[in-house]
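A quick write-up on the structure given underneath.
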Amino acid sequence: MIRKSGFQFQCVNTTCLPFTIIQVSKIYQCQSACLAQIYCKAVSFHQPTLYCRLFDSILNQNINLLVADIETVTMITKTESRIPPEPTTTSTTTTSTSTSTTTTSTSTSTSTTTSSTSTTTSSTSTTTTTSSTSTTTSSTSTTTTTSSTSTTTTGPSTTIIITDPGNLGGYRGNNGQVYKFSITGTCSGSVWGTSIYTDDSYLSTAAVHAGYAQCGVATIVSVQVLPGQSSYTGSTQYGITSYSYGSFSGSYSFVNTG
């Protein structure tokens with residue numbers, strides 16, 4: 001990876017956000033997390049908070065910005081350093097031929113005034129008649145059928161499960177997108193709202209309040225990013241009390257994805 005110390009990665013398009021934010025203790029863990037995901041193109045590691053931000057929107061270095069930040073190290077991936085390599089797509093076409101042949105036999109019968117001999121492919125018979133000659137000929141036909149089979153192999157379909165980011169402030173603006181997070185339910189932490197929560201609400205506490213997690217139990221939850229609401233109503237559910245709040249810029253809710 002290309003390493004840029006003292007710079008924070010940022011796209012020219014300011015709505016370009018990291019597709020995941022994780023907290024690690026060492027910078028090499030942040031680098032490994034990016035290299036292990038085929039969608040990761042760049043990563044910024046903020047040393048004081050240990051937050052590792054992974055980006056997948058990078059077309060080329062000329063249209064992205066590196067903003068000066070002495071506490072941040074940014075690394076941009078190189079294709080040959082990917083672990084494992086990005087999948088390739090191959091296409092194989094196989095053609096098989098089936099041939100069906102139908103053949104009928106030819107029978108010839110000859111008679112004289114005294115006797116007649118009839119011969120076929122399987123048997124010979126002698127018949128005495130007055131006088132007759134009969135010849136029967138059948139045709140032979142061949143039918144050929146060709147079929148083809150096409151097989152296409154594409155890259156694997158992967159569902160990304162993201163480590164608990166604490167809250168969803170980093171996903172604000174991705175309205176309608178659904179993400180899966182690995183969390184451990186927490187009974188402490190500030191939460192605002194009921195069913196729909198402010199995006200700075202503590203994710204693992206809100207999951208317990210919404211009934212999608214239990215305190216101290218690890219689980220995976222699906223969360224949909226929503227736009228800001230004009231107000232949020234507090235309540236007490238599953239032993240967790242949330243607070244009411246006025247207008248806020250970003251929200252999220254828990255969903256069932258089956």
Side-chain angles (χ1 to χ4, degrees), residues 11 13-25 29-30 33-34 36-41 43-46 49-57 156-258:
C11 296
N13 181 357
T14 57
T15 61
C16 170
L17 296 172
F19 70 86
T20 185
I21 303 173
I22 60 177
Q23 194 170 31
V24 297
S25 59
Q29 295 173 328
C30 182
C34 181
Q37 300 193 41
I38 63 173
Y39 307 101
C40 183
K41 303 300 183 184
V43 61
S44 286
F45 177 67
H46 188 239
T49 63
L50 302 180
Y51 277 142
C52 176
R53 292 176 168 83
L54 281 67
F55 296 83
D56 61 359
S57 297
S157 176
T158 305
T159 299
I160 298 177
I161 299 176
I162 305 169
T163 303
D164 184 356
N167 61 54
L168 265 68
Y171 295 83
R172 183 181 297 173
N174 296 343
N175 299 334
Q177 294 294 315
V178 176
Y179 301 91
K180 287 183 179 292
F181 297 97
S182 175
I183 67 168
T184 298
T186 306
C187 290
S188 61
S190 299
V191 177
W192 292 270
T194 299
S195 298
I196 297 178
Y197 303 93
T198 60
D199 63 13
D200 64 344
S201 294
Y202 206 66
L203 179 62
S204 58
T205 307
V208 176
H209 182 269
Y212 284 82
Q214 298 178 3
C215 293
V217 179
T219 187
I220 295 174
V221 294
S222 297
V223 182
Q224 184 175 38
V225 178
L226 300 173
Q229 307 291 305
S230 59
S231 64
Y232 300 82
T233 302
S235 65
T236 299
Q237 298 181 158
Y238 302 100
I240 304 296
T241 298
S242 66
Y243 303 100
S244 297
Y245 200 77
S247 177
F248 199 72
S249 301
S251 313
Y252 66 84
S253 66
F254 297 91
V255 296
N256 293 316
T257 56

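- Between F248 and Y232, the ring planes lie perpendicular to each other; the angle is over 60°, past the 30° to 60° tilted range.
- Scored by the ring pair (Phe, Tyr, Trp, His ring centres under 6.0 Å) test, Y171 finds Y179, F181 as partners (sequence neighbours excluded).
- Within 6.0 Å of CD on Q214 lie no more than 12 heavy atoms contributed by other residues, nucleotides or ligands.
- For S244 against G234, the heavy-atom pair with the smallest separation is OG-N, 2.8 Å.
- In this structure, SG on C40 lies 4.0 Å from CG on L54, to the nearest 0.5 angstrom.
- When all heavy atoms of V24 and Q29 are compared, the closest pair comes out as CB-OE1, 3.5 Å.
- Screening V191, L226, L168 for a side chain to side chain contact (heavy atoms under 4.5 Å, CB included) involving Y197 leaves a single residue, V191.
- In plain terms, the two heavy atoms of Q23 and T49 that are nearest each other are NE2-O, 3.0 Å.
- Under a 3.5 Å cut-off, the side chain of Q224 and the backbone N or O of V255 do not form any donor-acceptor pair.
- Across every non-hydrogen atom of P227 and S251, the tightest pair is O-OG, 2.9 Å.
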Could you walk me through whether L203 and I183 pass the side-chain contact (heavy atoms from CB on, under 4.5 Å) test, one step at a time?
-> CA-CA 8 Å; L203 179 62; I183 67 168; 4.0 Å; yes
What do the steps show when you test T205 against T186 for side chain to side chain donor-acceptor pair (under 3.5 Å), and what is the final call?
-> CA-CA 5 Å; T205 307; T186 306; 4.8 Å; no
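- Once rounded to the nearest 0.5 Å, the distance linking CD1 of I161 with OG of S222 reads 9.0 Å.
- Looking only at atom types and distance, the side chain of S247 has no donor-acceptor partner in the side chain of S230 under 3.5 Å away.
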So V221 and K180, side-chain contact (heavy atoms from CB on, under 4.5 Å) or not? Walk me through it.
-> CA-CA 6 Å; V221 294; K180 287 183 179 292; over 6 Å; no
Derivation and outcome, side-chain contact (heavy atoms from CB on, under 4.5 Å), residues F55 and S44 = CA-CA 8 Å; F55 296 83; S44 286; 4.2 Å; yes
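- Taking OG of S249 as the start and CD of Q229 as the end, the distance is 11.5 Å to the nearest 0.5 Å.
- The minimum heavy-atom distance linking G193 with S242 is given by the pair O-OG, 2.8 Å.
- The minimum heavy-atom distance between Y202 and S188, with the atom names listed, is CD2-O, 3.9 Å.
- Side-chain contact between P165 and T20 is absent, with no heavy-atom pair separated by less than 4.5 Å.
- The existence of a salt bridge linking R172 and D199 is confirmed by a sub-4.0 Å separation between a basic side-chain nitrogen and an acidic carboxylate oxygen.
- Ring planes of Y212 and F254: parallel class, angle under 30° (limits at 30 and 60°).
- Within a 6.0 Å sphere centred on OH of Y238, other residues, nucleotides and ligands contribute 12 heavy atoms or fewer.
- Contact check for S182 versus I162: no side-chain heavy atoms found under the 4.5 Å cut-off.
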Pair L50-F45, side-chain contact (heavy atoms from CB on, under 4.5 Å): steps then yes or no | CA-CA 7 Å; L50 302 180; F45 177 67; 3.8 Å; yes
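- Of the N and O atoms on the side chains of S235 and H209, at least one donor lies less than 3.5 Å from an acceptor on the other residue.
- Taking OG of S190 as the start and CG of D200 as the end, the distance is 8.5 Å to the nearest 0.5 Å.
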